[in-house]
Amino acid sequence: MTALARQGTPWAELEAQMIEAAQDDVDWRHGRVPMFIHFAGDDVLEVAKKAYQMYFSENGLGLRAFRSLARFESEVVQMGLGLLHGDSGTRGAMTTGGTESIFLAVKAARDIALARKPMSGRPQIVMARSAHPAFDKAAHFMGLEPVRTPLQADYRADPEAIAAALTPRTVLVVGSVPAYPHGVIDPIGDIAALAQSRGVWMHVDACVGGYIAPFARQLGADVPDWDFAVPGVTSISADLHKYGYSAKGSSTLFFRDAESFAGMGWSFDNWPRGQYFTNTLVGTRAGGAIAAAWAVMKYLGQDGYVRVTERVLATRRAYEGGAARLGLPTLGNPQLSILAYGCPDRDLAAVTRAMTARGWVMGNVTEPPGMHHMLNLTHEPVAGQYFADLEEALAAAPPVGAGSAQKLEARY
Ligand SMILES: Cc1ncc(COP(=O)(O)O)c(C=O)c1O
C-alpha cells in the first residue's frame with residue numbers, strides 16, 4: 001500500500017519516476033495501439049498542450065469569472081455548428097467527453113418527453129446493436145430502458161427494425177456517424193424521418209465522426225447527409241478529443257433549437273449558497289480542455305483538418321488493402337477512420353495472442369469475429385510492419401474448426 005509520505009519529493013526525482021512508470025505502456029507514438037489516441041502531428045499536440053497549460057488553473061464552472069473561457073467555449077460551439085449545418089436557432093455547449101455528451105442528450109430527451117406527456121413504465125431508448133455502450137450506461141444511471149435492434153447485413157442500423165421497436169414509451173432514437181464496432185455510418189436520413197413522423201427525439205452520435213465526416217465529405221467520401229441538414233435530427237454529439245485533435249476532456253453537444261438545448265441544463269437554489277446552474281453533468285471543468293479545443297480549431301482551420309483527414313482516409317484504405325491481401329474481408333463499407341475486418345479462416349484468439357506478443361495492442365470485434373482499428377496519423381508509417389506481423393501470426397494460427405475454439409476475449 002502507498003501511504004502519503006511525510007516529506008515531499010523533489011520534482012526532478014518525480015519526473016524520473018514518471019518516465020520510468022511509462023516503460024511498460026504501449027508505444028502509442030509508433031501506432032501500436034488501435035484506439036485511445038488521436039494524433040494529428042507534433043505541432044498540433046504542442047498547440048493543445050501550450051493552450052491547456054495557459055488555462056490549467058482556470059475553471060469552466062466559473063464562466064462569469066473567466067470571460068476568456070466563456071468566449072472560447074462559445075466560439076468552439078459556433079465553429080462546430082458551422083460544420084454541421086447549424087443555423088440561427090441551433091445551440092450547444094462543451095462537455096468533458098462523448099459519454100457525458102450522450103448522458104446529457106439522454107437526459108434532455110427524457111425530461112422533455114416526460115414534461116410533454118405523462119408515462120407509465122420506464123422511458124425507452126431505441127438504438128441499433130452497434131450503438132455505443134454510453135447509451136446503456138446513461139439508461140442505467142437514469143432509469144431508462146435500452147432497446148437494441150438488429151443490424152442490416154452491411155452492419156448499418158436497420159430503420160425497419162427500429163420502426164418495429166418504437167413504443168409509446170420511446171423517448172429517444174439513436175443513429176451513429178459512424179458506429180464504433182464496424183465504423184459504418186447509419187442511415188441517418190431514414191431514422192430521422194421515422195423519428196420525426198412519430199414525434200420522437202433523434203440523437204446522432206457523431207462522437208467519432210463529428211470533426212472528420214465533414215472533411216471526409218469535402219474529399220469525396222461517400223458520406224450522406226447526417227447533421228442538422230437532415231430534418232428530424234434533434235441533437236448531435238461530436239468529440240473534440242477524438243478527431244478534433246484537442247486535449248482529452250473535450251466534446252461538444254449540439255441541439256436543433258433553444259427548447260431542446262434547455263433540456264441539457266440543470267439548476268438548483270434550495271441551499272444557502274444561491275443559484276447553481278450547469279449545462280454539464282460535472283461541476284468543475286478543466287479550463288485547459290476548453291482553451292486547448294479553441295486553440296487547436298483555430299490553429300488547424302478547415303484546411304488543416306482537410307489535410308489531416310486526407311492522410312487518415314488514405315491510411316484506412318491502406319489497412320483495407322493490407323487486410324484484403326491477407327484474405328481478411330473488411331466488414332461493411334467504412335468511409336471514415338474506423339475499419340474492422342473479419343478473420344474467417346484462422347483462430348482469431350491465437351492471432352491476437354501472437355500479435356500481442358509482438359507488441360501490438362489488438363482491438364477485436366465479435367460479430368463477426370475480427371480485428372478493429374480507429375486510425376490516426378500514428379498508424380500511417382506502421383501499416384507495412386503491422387501487416388507483415390499479421391501475415392506471420394495468421395500463418396502460425398490454427399485454422400478455425402481444427403480444434404480451435406475461436407474463444408475470443410474482446411476488450412474495449
Ligand atoms: C461512437 C462513440 N460514441 C461515444 C463514445 C464515447 O466517448 P468517450 O470515450 O469520450 O466518453 C465513443 C468512444 O469511442 C464512440 O466511439
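Predicted model only: the values in this text are computed from it and were never measured. Just so you know, residue 1 is the first one in the sequence shown, and it goes up from there. No hydrogens, no waters, no symmetry mates; every other heavy atom, side chains included, goes into these values. Both counts, for ligands and for their atoms, begin at 1 and track the order of listing.
Within the 4.0 Å heavy-atom criterion, the part of Cys207 lying near ligand 1 is the side chain and not the backbone.
For Val208, no nitrogen or oxygen atom sits less than 3.5 Å from a nitrogen or oxygen atom of ligand 1, counting backbone and side chain alike.
No donor-acceptor pair closer than 3.5 Å links the side chain of Asp154 to the backbone N or O of Asn333.
For Glu100 and Arg285, the salt-bridge test fails: no basic side-chain N is under 4.0 Å from an acidic carboxylate O. For the pair Arg353 and Asp347, the salt-bridge criterion is not met [side-chain N within less than 4.0 Å of a carboxylate O].
Checked by atom type, the side-chain pair Asp205/Ser176 shows no donor-acceptor distance below 3.5 Å.
Between Phe215 and Tyr305, the ring planes lie parallel to each other; the angle is under 30°, not in the 30° to 60° tilted range.
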- Query: Yes or no on side chain to side chain contact (heavy atoms under 4.5 Å, CB included) for Tyr211 and Lys242, after CA distance, side-chain angles and deciding distance?
  - Reply: CA-CA 8 Å; Tyr211 292 99; Lys242 294 192 173 79; over 6 Å; no

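Nearest to atom 11 (O) of ligand 1 among the protein's heavy atoms is Thr99 OG1, 2.5 Å. In terms of protein heavy-atom proximity, atom 13 (C) of ligand 1 is nearest to Tyr412 OH, 3.1 Å. When hydrogens are left out, the protein atom nearest atom 7 (O) of ligand 1 is Lys242 NZ, 2.9 Å; that is the closest non-hydrogen contact. Of all protein heavy atoms, the one lying nearest to atom 15 (C) of ligand 1 is His132 CD2, 3.3 Å. Nearest protein neighbour of atom 10 (O) of ligand 1, counting heavy atoms only, is His241 NE2, 2.8 Å.
Between Thr96, Asp205, Ile338, it is Asp205 that holds the heavy atom closest to atom 2 (C) of ligand 1.
The Asp239 neighbourhood of ligand 1 comprises atoms 7 (O), 10 (O), with distances under 4.0 Å to a heavy atom of that residue. With ligand atoms numbered from 1 in the order given, ligand 1 contributes 16 (O) to contacts under 4.0 Å with heavy atoms of Tyr180.
Listed here is the closest heavy atom pair of Ile125 and Ala139: CD1-CB, 4.0 Å.
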